[in-house]
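Before anything else, here's the structure in question.
Position 1 is the first residue of the sequence; numbering continues from there.
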Amino acid sequence: MFANWIHVMIVHLAVIGTPLLLYRVWSQRKQVLDGKPWKANYSWAIILGAISATAYFTGPEAADWTKTVLEPYPQELVEDHALWGRAAFVIQVIAALIGIMGWASILQEEMPNKRIPLILIALLLMNTLVMLYTARLGGLIRRLDLM
């Protein structure tokens, strides 16, 4: 049950944090890439990757707990939620790796690659859409009457 609560609570941080980071990256896309705002963006990309990993790896136990509570258990809906959750996790990890690349450049006293903002915008936009759909599926698991 504990993993279920971790999953439910922490996944909301990723669902809210990803579009917020997308907004930050979009609004700061023309700023110098080794400045303080971009250091925060790189850090948030890494943090959101860790949050997404936690949400992803607590998912199976959350599904097991849900199976004991819900009758009828929406197996197909849970599987769809898991599939889209995996896609969101992979995209977020790639965005986190871009954040690590940005920090690695700065720590080596190099300017981060000028394509980083464009790549992060594309990844975060795609992941915002995937996460919103995944979140919708997750909500439907508990509220089948909303289908």
K39 side chain reached by I106 side chain, heavy atoms, under 4.5 Å: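 Contact flag for I106/K39 side chains = yes.
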
Step-by-step side chain to side chain donor-acceptor pair (under 3.5 Å) determination, W103 to S43: CA-CA 8 Å; W103 265 113; S43 297; 3.0 Å; yes

Contact check, side chains of P117 and K30, non-hydrogen atoms, under 4.5 Å: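 With C-beta onward as the side chain, the pair stays apart.
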
Beyond-backbone contact of V25 with L124, side-chain heavy atoms, under 4.5 angstrom: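 A side-chain contact under 4.5 Å exists here.
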
Side chains of N4 and E61, donor plus acceptor under 3.5 Å: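 Side-chain D/A pair, N4 to E61: absent.
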
Verdict with supporting geometry, I100 and I46, side chain to side chain contact (heavy atoms under 4.5 Å, CB included): CA-CA 7 Å; I100 291 170; I46 296 165; 3.7 Å; yes

Interatomic spacing from CZ in F2 to CH2 in W65 - rounded to 0.5 Å: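 These two atoms lie 13.5 Å from each other.
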
Nearest heavy-atom neighbours spanning A55 and T58: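 Closest pair (atom of A55, atom of T58, distance): O-OG1, 3.1 Å.
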
Closest non-hydrogen atom pair, T18 against M131: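 Answer, listing the atom of T18 first, then M131: OG1-SD, 3.5 Å.
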
same_hphob_cluster(F57, W84) at 4.5 Å side-chain heavy-atom cutoff: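 Yes: a chain of side-chain contacts under 4.5 Å links F57 to W84.
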
Check: W44 and I47 side chains under 4.5 Å, non-hydrogen atoms: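 Contact flag for I47/W44 side chains = yes.
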
Q75, CD: over 12 other non-hydrogen atoms inside 6.0 angstrom: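 Enclosed.
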
More than 12 heavy atoms of other groups within 6.0 Å of E76 CD: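 It does not: E76 CD has 12 such atoms or fewer within range.
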
Same cluster (ILVMFWY, side-chain, under 4.5 Å), W26 and M126: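 Yes: a chain of side-chain contacts under 4.5 Å links W26 to M126.
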
Stepwise side chain to side chain contact (heavy atoms under 4.5 Å, CB included) test for M111 and L33: CA-CA 7 Å; M111 181 63 72; L33 295 176; 4.2 Å; yes

Gap between atom CD of Q92 and atom OG1 of T128 - 0.5 Å precision: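 T128 OG1 to Q92 CD: 8.0 Å, rounded to 0.5 Å.
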
Verify same cluster id: I121, V130 (apolar side-chain graph, 4.5 Å):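 Both belong to a single hydrophobic cluster.
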
Exercise: identify the closest heavy-atom pair between L77 and I141: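 Here L77 and I141 meet closest at CD2-N, 3.6 Å.
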
Verify same cluster id: L21, L118 (apolar side-chain graph, 4.5 Å):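 No; tracing contacts between hydrophobic side chains, which count when under 4.5 Å, never links both residues.
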
Under 3.5 Å: donor-acceptor pair, side chain of S27, backbone of R24: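 Confirmed, S27 side chain pairs with R24 backbone.
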
Test item: N127 side-chain N/O and I91 main-chain N/O as donor-acceptor pair under 3.5 Å: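 It does not hold such a pair.
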
Mutual orientation of the aromatic rings belonging to H7 and H81 [parallel < 30°, tilted 30-60°, perpendicular > 60°]: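 H7 and H81: perpendicular rings.
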
For the student: nearest non-hydrogen atoms of G99 and A45, plus distance: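 So the two residues come closest at CA-CB, 4.3 Å.
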
From L22 atom CG to L129 atom CG, the distance as rounded to the nearest 0.5 Å: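 One gets 9.0 Å once the value is rounded to the nearest 0.5 Å.
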
Value rounded to 0.5 Å, distance of CG in L123 from CD1 in I94: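 CD1 of I94 is found 6.5 Å from CG of L123.
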
Non-hydrogen side-chain atoms of I116 and W38 separated by less than 4.5 Å: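 I116 reaches W38 side chain to side chain.
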
Nearest non-hydrogen partners of G49 and A96, listed with the distance: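 Taking G49 first and A96 second, the nearest heavy atoms are CA-CB, 4.0 Å.
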
Gap between atom CG of L132 and atom CG of L137 - 0.5 Å precision: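 If we round to the nearest 0.5 Å, L137:CG and L132:CG are 11.0 Å apart.
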
Closest non-hydrogen atom pair, D34 against P112: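 Result for this residue pair: CB-CD, 4.0 Å.
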
V90-L125 co-clustered via ILVMFWY side chain contacts under 4.5 Å: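 Shared cluster, yes.
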
